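Remarks on the structure that follows.
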2 protein chains.
Amino acid sequence: MESQEVLNEELFQEAKAIFTNYMESNNLRKTPERFAILEEIYKRTDHFDAEVLFIHMKTQNYRVSRATVYNTLELLVACDLITKHQFGKNVTQYEKSYGYKQHDHLICVDCGKVLEFCDPRIQNIKNMMGEMLDFKITHHNLNLYGKCQGSCDKKKS
Amino acid sequence: MESQEVLNEELFQEAKAIFTNYMESNNLRKTPERFAILEEIYKRTDHFDAEVLFIHMKTQNYRVSRATVYNTLELLVACDLITKHQFGKNVTQYEKSYGYKQHDHLICVDCGKVLEFCDPRIQNIKNMMGEMLDFKITHHNLNLYGKCQGSCDKKKS
DNA sequence: TTGTGTGCAAAAGCTTTGCATGTTG
DNA sequence: CAACATGCAAAGCTTTTGCACACAA
């Protein structure tokens, strides 16, 4: 649960530019809270939920509320800077997505560990199914569930 | 939200046998509530959540509680008679799975409509990734999200 | 008869909403 | 200065838990 304070400054600046642009185009206010949340997210690695992010900001003495966290997460999803996931539990998890290539997830049902992988065949499936079923497909989630054979410390989360 | 009272009697009897066998092997009690819930599920088509199922049973004058519904759903997932889904909202959805071939879902982000499709390439991806990442993969979810082009009555659910 | 399963209601966990206040444009 | 965003707390929803009673084995 420790977040590693590794901020890729360059990536963050680009993300910030995208966010700024998004807010300007939509007549949204560029508040310090919104930028602070973006920055915290871009410091984090892996996956997080709204509560974890909120607590993390609180312990860093930011003055933010849950409402603002939820509100901002929604904006960031809307401009594709973060991605929303449901890994089988009723908690929405997020991960930053700008500058990272599209990938899918493999989740250990024992310890909750999440691995990532890419497979180009999914793109083919999306294209084919979109055409067959007359859908304009915008995104997808492929989650594989199983048990990791090696380093599984069971029932972690 | 109407459930269509079409009970495939044969399929239901087989499912019941599987459930009975599961309960016997695990020293669980074969209560009338558990069978009633299984029957209601096998009457339903499409996807449902715990609350919908609970309400539906209440209106049919069954005397069941939410606790029992949730408990039984868990058992049915454990013996593979139903499948659990998270289609992006924080509600767990289920569908009966015995007698139905494995399939994935295409969800309309406007109206909530869910279509099903099959693609054998997913099996290949599962096999390959399981091997590469040293996981014993038990199941998966592939959800494609998009907008249906034709008969979309927008914002239904 | 014994202990698991049940119903009911309260509690818990995540997310949304209402309202007064603060702050951006 | 006007509207939008924020903080806070309360409310909403889904799911889980505690407890006394019921009933399957």
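In what follows, every chain begins at residue 1, and chains take the letters A, B, ... in the order their sequences are listed. Bear in mind that the values here come from a model prediction, so they are computed numbers and not experimental data.
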Five-pair end axes of the helix from dT1(C)-dA25(D) to dG25(C)-dC1(D) and the angle they enclose, rounded to 10°: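 About 30° separates the two local helix axes.
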
Side-chain donor or acceptor of N143(B) paired with backbone N/O of H140(A) under 3.5 Å: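 No, the answer is negative, given that no donor and acceptor are paired below the 3.5 Å cut-off.
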
Segment of DNA chain D, first to last nucleotide, that comes within the 4.0 Å heavy-atom reach of chain B: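 The protein-touched segment is dT14(D) to dA25(D).
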
Touch class at under 4.0 angstrom, heavy-atom based, for K84(B) against every strand present: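 No contact at all - K84(B) keeps every heavy atom at 4.0 Å or more from the nucleic acid.
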
Sugar-phosphate, base or nothing in reach of N27(B), heavy atoms under 4.0 Å: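 No contact.
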
Pairing residues for [X] by the side chain to side chain donor-acceptor pair (under 3.5 Å) criterion, not counting sequence neighbours:
X: E39(B); value: none
X: E24(B); value: K30(B)
X: K58(B); value: none
X: R121(B); value: D119(B)

Pairs involving residues 103-125 of chain A, ordered by first then second residue, that meet ring pair (Phe, Tyr, Trp, His ring centres under 6.0 Å) (sequence neighbours left out):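 Every pair satisfying ring pair (Phe, Tyr, Trp, His ring centres under 6.0 Å) with a residue in residues 103-125 of chain A: H47(A)-H105(A), H85(A)-H105(A), F87(A)-H105(A), H103(A)-H105(A).
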
Contact under 4.0 Å: T68(B) side-chain N or O vs dG5(C) OP1/OP2: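 No, because none of the side-chain N or O atoms of T68(B) sits under 4.0 Å from OP1 or OP2 of dG5(C).
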
Counterpart residues, side-chain contact (heavy atoms from CB on, under 4.5 Å), relative to [X] (two or more places apart):
X: T68(A); answer: E33(A), I37(A), S65(A), T72(A)
X: N90(A); answer: Q86(B), T92(B)
X: N21(A); answer: S25(A)
X: N26(B); answer: Y22(B), L28(B)

Per-nucleotide protein contact string for nucleotides 15-25 of chain C (B base, S sugar-phosphate only, - none; heavy atom under 4.0 Å): BBB----BBBS

